[in-house]
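Step one of this worksheet: look at the structure below.
These values consider heavy atoms only, across backbone and side chains, with no hydrogens, waters or symmetry-generated copies.
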Amino acid sequence: MPSTSSEGGPVMRSEDEIRREYVQPFYRAVRAEPSDPEVLRALARTAVRADTAEVLAMLRRDEWRHQRMGAWFSLVKDDRRLDEALIAGVRESRGLLTAPDLAVALTRKWGEAAVPTLIEYQVRASEAKLGRQGFVSALIELHGGRAPLDPSEERDRRWVSHLTLVATTIERAAAERRP
């Protein structure tokens, strides 16, 4: 937990501390198939303790590992600024390093209201030649939308299912930690 300043407000961790405590232990684990539930529960415990300002900084950082972990940490925080940072992150994502994590977190928090942002990302990603966007199509379809590009394939739906299970595990573990 961040220390308290002399004025009583939290003091944010340094970039090195954030990397060491929030990013390095977890960024590979969320993408591993199957993900280790114990590691995901540890991620949830860490995310619950993290200061919202630190999670916001992770989402806004121009570094894929931080953005990826900021997306997962945001699942356990109820703050509109994090939702806005998730939307911006999806819109500005440069592809597979961050888009799946950001998009899954956004749809977990917003449900079908996230679909227009996903469609906007998919069109921009196609124009920027960021590669296949089937995983975004699978998320759009899962939430009742119709993807404008790259219809999803079975592998996309499996990947979305895996990341949804990761999100569910994190959310449940965090709920167990709350008073």
Would you say that more than 12 heavy atoms from the other residues, nucleotides or ligands in this model lie under 6.0 Å from the CD of E112, or not?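 Incorrect, the count does not exceed 12.
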For R91, look at atom CZ and say whether over 12 heavy atoms of other residues, nucleotides or ligands are found less than 6.0 Å away.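 Yes, enclosed.
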Give a yes or no answer on whether the side chain of [X] reaches the backbone of [Y] with a donor-acceptor pair at less than 3.5 Å.
| X | Y | answer |
| --- | --- | --- |
| S93 | V90 | no |
| K77 | L56 | no |
| Q133 | G131 | yes |
| S35 | A29 | yes |
| K109 | L86 | no |
| H143 | L139 | yes |
| E63 | H66 | yes |

Between [Y] and [X], is the closest basic N to carboxylate O distance under 4.0 Å?
| X | Y | value |
| --- | --- | --- |
| E84 | R80 | yes |
| E15 | R61 | yes |
| R157 | E154 | yes |
| E38 | R41 | yes |

Starting at [atom1] of [X], measure out to [atom2] of [Y] and round the result to the nearest 0.5 Å.
| X | Y | atom1 | atom2 | answer |
| --- | --- | --- | --- | --- |
| E92 | R124 | CD | CZ | 8.0 Å |
| M58 | Y22 | CE | OH | 8.0 Å |
| E21 | S14 | CD | OG | 8.0 Å |
| F135 | E153 | CZ | CD | 13.5 Å |
| T52 | L82 | OG1 | CG | 5.5 Å |
| R65 | L97 | CZ | CG | 8.5 Å |

Any side-chain heavy-atom pair of [X] and [Y] under 4.5 Å:
| X | Y | value |
| --- | --- | --- |
| I87 | W110 | yes |
| R108 | T168 | yes |
| R31 | R68 | yes |
| L142 | V160 | yes |
| L59 | F73 | no |

[X] and [Y]: which non-hydrogen atoms are nearest, and at how many Å?
| X | Y | value |
| --- | --- | --- |
| P100 | G95 | CD-O, 4.0 Å |
| S126 | L149 | CB-CD1, 3.3 Å |
| V39 | P25 | CG1-O, 4.4 Å |
| V30 | V166 | O-CG2, 3.6 Å |
| D156 | P151 | OD2-O, 4.3 Å |
| A47 | V76 | CB-CG2, 3.5 Å |

For D16, which of R20, R19, R13 qualifies under salt bridge (charged side-chain N to carboxylate O under 4.0 Å, His left out)?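 That would be R19; it is the only one of R20, R19, R13 passing the salt bridge (charged side-chain N to carboxylate O under 4.0 Å, His left out) with D16.
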Would you check, one step at a time, whether the test side-chain hydrogen bond (donor to acceptor under 3.5 Å, both in side chains) holds for Q122 with S137? CA-CA 8 Å; Q122 193 177 51; S137 294; 2.7 Å; yes
Determine, using the 4.5 Å side-chain heavy-atom cutoff (strictly less than), whether L165 and I170 are members of one ILVMFWY cluster.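 No; tracing contacts between hydrophobic side chains, which count when under 4.5 Å, never links both residues.
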Ring pair (Phe, Tyr, Trp, His ring centres under 6.0 Å) with W64: which residues, sequence neighbours excluded?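 Here the qualifying residues are Y27.
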